[in-house]
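Below, each value reflects all heavy atoms present in this structure, side chains not excepted, and no hydrogens, waters or symmetry copies.
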Amino acid sequence: MDPRQIEEIMEVIKEFFPENTSIAISDTNEYLYYQPSKKVDLKIKPGDPIKEGSAAYKALTYGQKINSYIESDVFGVPYYGMSIPLIEEGETKGAITAIFPQKPSPFLTNYITVKIDDCWYPIKHNQVIYLETQLRKTFVKTMHREGYHRLNLSDLELFLAPDSFIRCHRSYIVNIDYIEEIQPDSHSTFLLIMKDGTRIPVSQRYASYFRRSLGF
């Protein structure tokens with residue numbers, strides 16, 4: 001990940017997180033960037049290895065978004081971490097971690113603003129059926145409207161409630177409330193029939209996580 005990519009990521013992140021948020025960006029082995037806040041500072045320096053048990057370590061290990069309270073034995077101070085792996089063409093390249101002194105509540109806004117033609121429309125999270133990667137943007141589908149969000153799927157995943165939204169494929173995140181039926185598919189995977197009739201695959205990579213998360 002080059003400095004320009006890190007700068008672009010930070011410009012996007014600043015629009016979403018409150019001032020008391022520390023931000024860490026890493027590759028798969030070490031931290032590349034760290035911005036501390038006045039509320040919580042883990043004293044991370046670029047080049048520091050990713051510590052076992054940290055939010056970034058968990059996101060990279062499981063290949064999934066992690067929302068977790070981390071005890072003080074990892075960095076010396078406790079924190080609440082939200083970390084998401086950065087995945088390109090199916091390969092994990094690193095992680096972005098937001099660090100809070102405690103679990104943020106409420107966290108961010110409950111709207112996703114999508115662009116349709118030359119206008120923008122705020123959509124409540126609970127109205128979103130699914131999100132799909134399309135041409136480096138994210139296609140957002142509801143029952144009555146569809147449009148594009150400027151963030152890619154992996155970046156946008158960080159801002160979605162994990163109790164409602166689940167990653168099922170490198171190209172899809174679905175709202176669990178809109179799953180009509182889960183059908184078995186080949187190679188121990190699944191096919192989701194959404195309430196709008198869309199058929200969405202659960203890839204082999206995400207099948208076990210998907211099954212554990214929904215308890216079947």
Side-chain angles (χ1 to χ4, degrees), residues 1-70 74-75 77-104 106-109 112-113 125 131 133 136-138 140 149-167 169-173 205-206 209:
M1 190 181 302
D2 60 44
R4 183 177 178 181
Q5 286 178 298
I6 293 175
E7 184 178 340
E8 290 175 351
I9 290 172
M10 287 305 302
E11 285 301 315
V12 171
I13 287 175
K14 287 176 184 178
E15 298 182 17
F16 290 91
F17 289 108
E19 292 183 0
N20 67 341
T21 309
S22 298
I23 301 294
I25 300 176
S26 70
D27 59 20
T28 55
N29 298 304
E30 63 184 38
Y31 292 100
L32 305 175
Y33 176 91
Y34 178 63
Q35 176 182 286
S37 72
K38 295 179 180 179
K39 295 289 186 178
V40 58
D41 185 1
L42 304 185
K43 307 295 184 182
I44 294 171
K45 294 181 177 62
D48 284 352
I50 297 169
K51 292 189 177 184
E52 185 173 353
S54 66
Y57 178 88
K58 292 180 180 181
L60 292 168
T61 300
Y62 301 125
Q64 305 289 342
K65 179 176 67 173
I66 295 295
N67 296 339
S68 179
Y69 180 79
I70 308 299
V74 178
F75 281 103
V77 294
Y79 70 97
Y80 187 86
M82 294 184 173
S83 188
I84 182 170
L86 298 170
I87 300 173
E88 295 180 9
E89 298 181 354
E91 182 180 353
T92 300
K93 298 292 187 179
I96 301 174
T97 306
I99 300 156
F100 304 88
Q102 59 186 10
K103 184 175 182 179
F107 176 59
L108 305 175
T109 178
I112 294 176
T113 300
H125 285 191
L131 304 96
T133 294
R136 296 186 180 182
K137 294 183 180 180
T138 301
V140 181
H149 195 282
R150 63 190 181 88
L151 293 184
N152 65 42
L153 196 64
S154 293
D155 291 340
L156 191 56
E157 184 180 11
L158 184 62
F159 311 129
L160 300 172
D163 56 347
S164 298
F165 292 89
I166 185 169
R167 188 80 172 253
H169 190 282
R170 70 178 183 180
S171 298
Y172 291 98
I173 294 174
R205 175 177 180 177
Y206 290 94
Y209 171 77

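Counting only heavy atoms from C-beta outward, the side chains of Val77 and Leu42 approach each other to under 4.5 Å. Under the 4.5 Å side-chain criterion, counting only non-hydrogen atoms from C-beta, Ile44 is in contact with Phe75. When side chains are defined from C-beta on, Pro46 does not count as touching Leu32, because their heavy atoms never get closer than 4.5 Å. Here the side chains of Pro78 and Tyr69 are in contact, with some heavy-atom distance below 4.5 Å. Proximity of Lys39 to Phe100: side-chain heavy atoms (C-beta onward) are nowhere separated by under 4.5 Å. Between Ser54 and Tyr31, the closest side-chain pair of non-hydrogen atoms falls below 4.5 Å.
Atom-to-atom distance recorded for Lys43:NZ and Asp48:CG is 12.5 Å, nearest 0.5 angstrom. In this structure, Lys58 NZ and Lys65 NZ are separated by 15.5 Å, a value rounded to the nearest 0.5 Å. For the atom pair Gln35 CD and Ile25 CD1, the distance stands at 9.0 Å (nearest 0.5 Å). With values rounded to the nearest 0.5 angstrom, Lys137 atom NZ is found 13.5 Å from Leu156 atom CG. In this structure, Thr138 OG1 and Ile173 CD1 are separated by 7.5 Å, a value rounded to the nearest 0.5 Å. Rounding to the nearest 0.5 Å places CD1 of Ile66 at 12.0 Å from CE of Met82.
Donor-acceptor pairing under 3.5 Å is recorded for the side chains of Ser83 and Thr97. A donor and an acceptor atom, one from each side chain of Tyr79 and Asp41, are nowhere located under 3.5 Å apart. Residues Ser22 and Ser37 have side chains that bring a donor and an acceptor to within less than 3.5 angstrom of each other. In summary, the side chains of Thr28 and Lys93 do not present any donor paired with an acceptor at a separation below 3.5 Å, with no hydrogens or angles considered.
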Would Thr21 and Ile99 count as a side chain to side chain contact (heavy atoms under 4.5 Å, CB included) here? Give the steps. CA-CA 6 Å; Thr21 309; Ile99 300 156; 5.8 Å; no
From CA spacing to verdict: side chain to side chain contact (heavy atoms under 4.5 Å, CB included), Thr133, Asn152: CA-CA 7 Å; Thr133 294; Asn152 65 42; over 6 Å; no
Pair Leu160, Ile112 - check side chain to side chain contact (heavy atoms under 4.5 Å, CB included), show working. CA-CA 9 Å; Leu160 300 172; Ile112 294 176; 3.8 Å; yes
Check the pair Leu60 / Ile50 against side chain to side chain contact (heavy atoms under 4.5 Å, CB included), numbers first and verdict last. CA-CA 10 Å; Leu60 292 168; Ile50 297 169; 3.4 Å; yes
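The backbone N or O of His169 sits less than 3.5 Å from a side-chain atom of Arg167, completing a donor-acceptor pair.
Residue Thr92 comes nearest to Pro85 through the heavy atom pair CG2-CB, 4.2 Å, listed as atom of the first residue, atom of the second, then distance. In terms of heavy-atom proximity, Gln64 sits nearest to Tyr206 at NE2-CD2, 3.0 Å.
Relative ring orientation between Phe165 and His125 is described as perpendicular, the plane-to-plane angle rising above 60° on a 0-90° scale split at 30° and 60°.
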